[in-house]
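Computed from a predicted structure; not experimentally measured.
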Amino acid sequence: QVQPVESGGGLVQAGGSLRLSCSAPGRTFSMNAMGWFRQAPGKEREFVAAITWRGTSVYYKDSVKGRFTISRDNAKNTVYLQMNSLKPEDTAIYYCAADKIRFRQDWSGSPLTSDFGSWGQGTQVTVSS
């Protein structure tokens with residue numbers, strides 16, 4: 001099974017920006033909602049953002065609303081996470097994952113980590129103060 005591949009992480013100063021990308025060479029996720037998650041040292045993996053398969057609905061963790069933007073380009077089989085105004089507490093490994101269900105129209109509440117499978121290996125984001 002082909003896993004997504006994340007890229008774009010790095011070291012940035014507080015207030016800076018990064019754009020993460022997620023793609024899956026040889027496999028299309030255009031029929032799946034996609035999500036970004038993160039895991040900081042000693043903490044559980046948490047939801048950050050999600051976008052439905054058509055890109056018509058987006059969801060965000062409260063602490064990133066207004067700073068992060070999730071988007072997708074199905075023609076390129078790529079999902080993005082634009083992260084602005086980064087804070088030290090955003091430091092984590094960021095993972096991309098695909099919804100286990102195809103053609104999900106929306107979530108009634110917040111997307112759950114258990115809704116997603118096909119996890120990537122992650123990309124490190126470090127924000128210095």
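With Tyr95 as the aromatic partner, Arg45 meets the cation-pi criteria of under 6.0 angstrom to the ring centre and within 45 degrees of the ring axis.
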Per-pair distances, 0.1 Å, donor-acceptor, side chain in residues 7-19, under 3.5 Å, sequence neighbours excluded:
residue : atom : partner : partner atom : Å
Ser17   : OG   : Asn84   : OD1          : 2.9

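Counting heavy atoms from C-beta on, the side chains of Phe29 and Asn77 come closer than 4.5 Å. Contact check for Phe68 versus Leu86: side-chain heavy atoms found under the 4.5 Å cut-off. Using a 4.5 Å cut-off on side-chain heavy atoms (C-beta onward), Val64 and Val48 make contact. Two residues are said to be in side-chain contact when any heavy atoms from C-beta on lie closer than 4.5 Å; Gln105 and Trp53 meet this criterion. Side chains of Tyr59 and Ser110 form no contact here, defined as non-hydrogen atoms less than 4.5 Å apart. Between Pro4 and Ser23 there is no side-chain heavy-atom pair separated by less than 4.5 Å.
When all heavy atoms of Ala40 and Ala92 are compared, the closest pair comes out as N-CB, 3.8 Å. Contact detail for Tyr60 and Ile70: the closest heavy-atom pair is OH-N, 2.9 Å. Of all heavy-atom pairs spanning Arg72 and Ile51, the tightest one is NH1-O, 3.7 Å. Scanning all heavy atoms of the two residues, the minimum distance from Ser21 to Trp36 falls at O-CH2, 3.6 Å.
In this structure a side-chain-to-backbone donor-acceptor pair under 3.5 Å is missing from Asn32 to Met34. Side-chain N or O atoms of Arg104 include none that pairs as donor or acceptor with a backbone N or O of Lys100 at under 3.5 Å. With hydrogens and angles ignored, the 3.5 Å screen pairs no side-chain donor or acceptor of Ser114 with any backbone N or O of Leu112. In this structure, Asp90 contributes its side chain and Lys87 its backbone to a donor-acceptor pair below 3.5 Å. For Thr52 (side chain) and Ser57 (main-chain N/O), a donor-acceptor pair under 3.5 Å exists by modelled atom type. For the pair Glu6 (side chain) and Gln121 (backbone), a donor-acceptor distance under 3.5 Å is present.
Placement of Val127 and Tyr94 within a single hydrophobic cluster is found when ILVMFWY residues are connected by side-chain heavy-atom separations under 4.5 Å, directly or transitively. Residues Met83 and Val58 fall within the same hydrophobic cluster, defined by Ile, Leu, Val, Met, Phe, Trp and Tyr side chains chained together at heavy-atom separations under 4.5 Å.
Residue Glu44 places its CD atom among 12 or fewer non-hydrogen atoms of other residues, nucleotides or ligands, all under 6.0 Å distant.
Residue pairs satisfying the salt bridge (Lys or Arg N to Asp or Glu O under 4.0 Å) criterion with at least one member in residues 51-61, sequence neighbours excluded, are listed as follows: Glu46-Lys61. Among residue pairs with one or both ends in residues 99-129, none qualify as disulfide bond (SG atoms under 2.5 Å apart); sequence neighbours excluded.
The distance from atom OG of Ser30 to atom CZ of Arg102, rounded to the nearest 0.5 Å, is 8.5 Å. In this structure, Leu20 CG and Gln82 CD are separated by 8.5 Å, a value rounded to the nearest 0.5 Å.
Between Trp107 and Phe116, the angle of the ring planes stays under 30°, which puts this pair in the parallel group of the 30/60° scheme.
Trp119 and Phe37 have their aromatic ring centers within a separation under 6.0 angstrom.
Taking 4.0 Å as the cut-off between side-chain N and carboxylate O, Lys65 and Asp62 count as a salt-bridged pair.
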